[in-house]
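Here's the structure, in structure tokens; my notes come after.
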Amino acid sequence: MDFFEHSQRQETGAHPHQIIFEKENTENTYSSWKDKMKPRITLEDGITPEEHQVLASRWNEMLSLAEAIIYRNYLDPESDDLMSEEDSFPDIRYLTGNYYVGDVSYGYVYRDKKYQPYQIKAGKLRHKYHNGKEWVEEWLPMDSPEITRYYQILLSLRLTGDERGKEEDYMGLDLIAEFLTLDAPLEFEILSHNVI
């Protein structure tokens with residue numbers, strides 16, 4: 001892609017377009033643009049087949065929300081968050097607008113009344129954090145009234161770019177949603193984005 005095409009994309013933007021790979025991910029492993037496989041799906045401990053079925057049935061809703069985030073934060077040429085200076089990342093000039101789903105994780109997160117996360121460890125709930133000098137652990141029983149269990153979906157997307165004149169992986173984008181009930185409204189937040 002030449003400089004004129006890059007500049008044109010920066011002015012007009014691109015819209016998200018999902019690439020769906022047909023190749024089965026038989027080993028359920030990490031895949032990249034070169035692999036061209038279906039996403040890896042992870043069910044964390046405790047998620048029942050019935051819960052997974054309900055969560056997976058919201059797939060189109062998840063992708064619609066993800067595409068809105070992709071456009072608003074990475075493709076919209078009117079966004080103040082985008083950079084197009086030399087050596088910046090992500091650079092709107094290189095993003096194609098194409099993306100694919102690399103990983104999907106369905107699970108739970110446990111939070112206390114201050115919204116601090118707890119994980120299950122040795123049959124109890126543990127909150128681990130660093131206080132500046134050392135790691136500190138706080139423990140609660142599994143049935144603690146202080147804890148609320150939320151469903152959690154982690155959606156790992158791969159956005160493609162043509163920085164070197166051919167389409168390839170450019171940026172990883174991790175989105176996370178937490179909600180109380182299976183039919184609650186979904187809202188994704190950006191967990192991270194990084195160079196692939």
Side-chain angles (χ1 to χ4, degrees), residues 25 27-33 39-48 51-52 55 58 62 65-66 68-76 79-92 94-95 99-159 161 163 169-182 184-196:
N25 190 343
E27 301 295 319
N28 205 32
T29 58
Y30 176 91
S31 64
S32 69
W33 177 253
R40 172 174 54 186
I41 298 173
T42 305
L43 302 179
E44 295 182 10
D45 288 345
I47 289 289
T48 66
E51 289 172 319
H52 173 234
L55 293 169
R58 300 182 74 176
M62 288 185 241
L65 293 167
I69 289 171
I70 292 170
Y71 183 75
R72 182 175 60 247
N73 293 279
Y74 302 102
L75 298 175
D76 181 359
S79 172
D80 293 332
D81 298 328
L82 292 172
M83 300 183 190
S84 58
E85 293 83 27
E86 205 61 38
D87 299 324
S88 62
F89 181 84
D91 188 328
I92 191 173
Y94 299 125
L95 288 165
Y99 76 94
Y100 62 97
V101 180
D103 295 275
V104 185
S105 174
Y106 301 105
Y108 302 120
V109 64
Y110 301 85
R111 295 196 179 273
D112 65 15
K113 295 190 184 306
K114 295 185 231 175
Y115 211 66
Q116 298 178 113
Y118 284 71
Q119 292 82 34
I120 297 175
K121 182 91 172 174
K124 295 182 181 178
L125 292 168
R126 178 186 73 166
H127 172 61
K128 186 176 180 179
Y129 62 95
H130 201 268
N131 70 359
K133 296 180 182 178
E134 61 188 358
W135 285 101
V136 177
E137 295 179 334
E138 295 176 355
W139 296 85
L140 289 172
M142 288 295 295
D143 61 352
S144 170
E146 295 290 313
I147 295 294
T148 302
R149 185 189 76 179
Y150 296 87
Y151 290 99
Q152 184 179 73
I153 299 174
L154 179 62
L155 197 58
S156 294
L157 308 176
R158 320 269 195 269
L159 281 63
E163 190 174 11
D169 282 332
Y170 179 74
M171 183 179 91
L173 176 62
D174 292 331
L175 304 177
I176 191 166
E178 294 180 9
F179 45 99
L180 199 51
T181 61
L182 287 170
L186 285 182
E187 187 174 327
F188 280 105
E189 294 180 7
I190 297 172
L191 186 61
S192 66
H193 71 242
N194 53 11
V195 177
I196 297 182

Side chains of [X] and [Y], heavy atoms from C-beta outward: is any pair under 4.5 Å?
| X | Y | value |
| --- | --- | --- |
| H127 | P117 | yes |
| Y150 | R111 | yes |
| D103 | L154 | no |
| Y108 | I120 | no |
| Y151 | L186 | no |
| L65 | I69 | no |
| Y74 | I190 | yes |
| S31 | R40 | no |

Query raised in the report: Is the backbone of D91 close enough, under 3.5 Å, to the side chain of Y170 for a donor and an acceptor to pair up by distance?
Result: yes

Query raised in the report: Hey, is CD on E187 packed in by over 12 heavy atoms from elsewhere, all under 6.0 Å?
Result: no

Query raised in the report: Is it the case that more than 12 heavy atoms not belonging to D45 sit under 6.0 Å from its CG atom?
Result: no

Where do [X] and [Y] come nearest, in terms of heavy atoms and distance?
| X | Y | result |
| --- | --- | --- |
| T29 | N25 | O-ND2, 2.8 Å |
| D174 | S156 | OD1-OG, 2.8 Å |
| F179 | A184 | CB-CB, 4.0 Å |
| L155 | A66 | CD2-CB, 4.1 Å |
| P145 | K113 | O-NZ, 3.7 Å |

How many angstroms lie between [atom1] in [X] and [atom2] in [Y], if you round to the nearest 0.5 Å?
| X | Y | atom1 | atom2 | result |
| --- | --- | --- | --- | --- |
| E138 | D112 | CD | CG | 7.5 Å |
| I41 | S105 | CD1 | OG | 10.5 Å |
| I70 | L95 | CD1 | CG | 9.5 Å |
| L173 | F188 | CG | CZ | 10.5 Å |
| Y110 | R126 | OH | CZ | 14.5 Å |
| H193 | N73 | NE2 | CG | 9.5 Å |

Query - Aromatic contact, F89 with Y94 (centres under 6.0 Å) - result: no

Query raised in the report: Can a donor-acceptor pair be found between the side chains of Y129 and Q116 at a distance below 3.5 Å?
Result: no

Query raised in the report: Just checking, any donor-acceptor pair under 3.5 angstrom between side chains of E178 and Y115?
Result: yes

Query raised in the report: Would I153 and R58 count as a side-chain contact (heavy atoms from CB on, under 4.5 Å) if you check the C-alpha gap in whole Å, the side-chain angles of each, and the deciding distance to 0.1 Å?
Result: CA-CA 11 Å; I153 299 174; R58 300 182 74 176; over 6 Å; no

Query - K128/W135 under side-chain contact (heavy atoms from CB on, under 4.5 Å): CA gap, chis, key distance, verdict - result: CA-CA 7 Å; K128 186 176 180 179; W135 285 101; 3.7 Å; yes

Report task. For the pair K121 and E137, find out whether any cationic side-chain nitrogen is under 4.0 Å from an anionic carboxylate oxygen. Result -> no

